Amino acid sequence: MATAEPHPPAPDALLADLDEAECWRLLEATELCRLAFTAADGRPDIRPVNHLAVERSIYIRSAADAKFLAVASPSAVALEVDGETADAYWSVVVRGEAEQVTSESELYHSGVEHLASWTPTPKQFVVKVASPTVTGRVFPKRPRVTLPVYAVPLTDAARAQHRTERGERPSPIPHFEPPAS
């Protein structure tokens, strides 16, 4: 597996967005991510899972557990993988639809049968996250600063003051849809 190292941001930048190709390269070079989904009780849940990125899809092996039951039929999910290099921290987020893979041909062509779990539980089912939106950021490593925190309610006046002091908001992270097949 290749080493996952994004291109570092400019030394004076607070952060930099990663382009779609770099996001996929980092996903392909890593094995462990966090899967966020809505649990059976309607509350958000998140679990660490091993993954395999193939042709703009993410494959996850799973046991027949609560996580699998929550995402086996089409459901909205998010995945996050992150890491660090000598100079920076990085994070990639994938948002898409998850569903169970039931095609023997797809299981074979994806190579997911070779994905080994980090846990001893047998993982006999496969979930695919398809049609993902991919975003990523890289942050240069800098000395950490601890600022004071306040336990006061956030009022509309405080929000307005914050917007005035902060100035223009940074542009949102770009979201890349997969190319049409």
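For clarity, every value in this text was computed on a predicted model and none was experimentally measured.
The minimum heavy-atom distance between Ser62 and Lys67, with the atom names listed, is OG-CE, 3.5 Å. Across Ser75 and Val71, no two heavy atoms sit closer than the pair OG-CA, 3.3 Å. In plain terms, the two heavy atoms of Arg95 and Ala78 that are nearest each other are CG-CB, 4.2 Å. When all heavy atoms are compared, the tightest approach of His51 to Leu27 is NE2-O, 3.1 Å. Taking every heavy atom of both residues into account, Cys23 and Gly136 meet most closely at SG-N, 3.5 Å. Pro122 approaches Ala63 most closely through the heavy-atom pair O-CB, 3.4 Å.
Aromatic rings of Tyr89 and Phe139 (six-membered ring for Trp) have centroids beyond the 6.0 Å cut-off, not under it.
Trp24 has its side chain within reach of Val134: a pair of non-hydrogen atoms, C-beta onward, lies under 4.5 Å apart. In this structure, Ile60 and Leu79 have side chains that are in contact, with non-hydrogen atoms separated by less than 4.5 Å. Annotation: side chain of Ser73 is not in contact with side chain of Glu99 (no heavy-atom distance under 4.5 Å). In this structure, Val92 and Leu18 have side chains that are in contact, with non-hydrogen atoms separated by less than 4.5 Å. Leu35 places none of its side-chain heavy atoms less than 4.5 Å from the side chain of Glu80. The side-chain heavy atoms of Gln100 and Phe125, taken from C-beta on, include a pair separated by under 4.5 Å. Side chains of Asp87 and Lys141 form no contact here, defined as non-hydrogen atoms less than 4.5 Å apart. Side-chain contact between Pro140 and Arg142 is present, with at least one heavy-atom pair separated by less than 4.5 Å.
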Practice task
Would you sort out whether Glu28 and Arg25 count as a salt bridge (Lys or Arg N to Asp or Glu O under 4.0 Å), showing the intermediate values?
Solution key: CA-CA 5 Å; Glu28 291 168 359; Arg25 186 181 64 74; over 6 Å; no

Practice task
Please step through side-chain contact (heavy atoms from CB on, under 4.5 Å) for the pair Val49 and Arg61, ending with a clear verdict.
Solution key: CA-CA 8 Å; Val49 295; Arg61 292 183 68 152; over 6 Å; no

Practice task
Kindly determine whether Phe68 and Val127 satisfy side-chain contact (heavy atoms from CB on, under 4.5 Å), including the steps that lead there.
Solution key: CA-CA 8 Å; Phe68 176 73; Val127 173; 3.7 Å; yes

Exercise for the section: Kindly indicate, with the supporting measurements, whether the criterion side-chain contact (heavy atoms from CB on, under 4.5 Å) is fulfilled by Val81 and Trp90. Expected result: CA-CA 9 Å; Val81 61; Trp90 58 267; 4.1 Å; yes

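A salt bridge is defined here as a Lys NZ or Arg NE, NH1 or NH2 lying under 4.0 Å from an Asp or Glu carboxylate O, and Asp17 with Arg137 meets this definition. Salt-bridge annotation for Arg47 and Asp45: present, with a side-chain N of the basic residue lying under 4.0 Å from a carboxylate O of the acidic one.
Asp19 contributes atom CG, which lies 12.5 Å from atom OG1 of Thr135 (distance to the nearest 0.5 angstrom). Once rounded to the nearest 0.5 Å, the distance linking CD1 of Ile58 with SG of Cys33 reads 7.0 Å.
Follow the hydrophobic side-chain contacts under 4.5 Å out from Val93 and you never reach Tyr59; the two are in separate clusters.
For the residue pair Ser117 / Thr119, a side-chain donor-acceptor distance below 3.5 Å is found, with atom types taken as modelled.
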Would you mind writing out the side-chain donor-acceptor pairs for residues 108-115 within the sub-3.5 Å range, not counting sequence neighbours?
{"unit_1": "Ser110", "atom_1": "OG", "unit_2": "Glu106", "atom_2": "O", "d": "3.1"}
{"unit_1": "Ser110", "atom_1": "OG", "unit_2": "Leu107", "atom_2": "O", "d": "3.1"}
{"unit_1": "Ser110", "atom_1": "OG", "unit_2": "Val112", "atom_2": "N", "d": "3.2"}

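For Asp156, the CG atom counts as loosely surrounded, since its 6.0 Å shell holds 12 or fewer non-hydrogen atoms of other residues, nucleotides or ligands.
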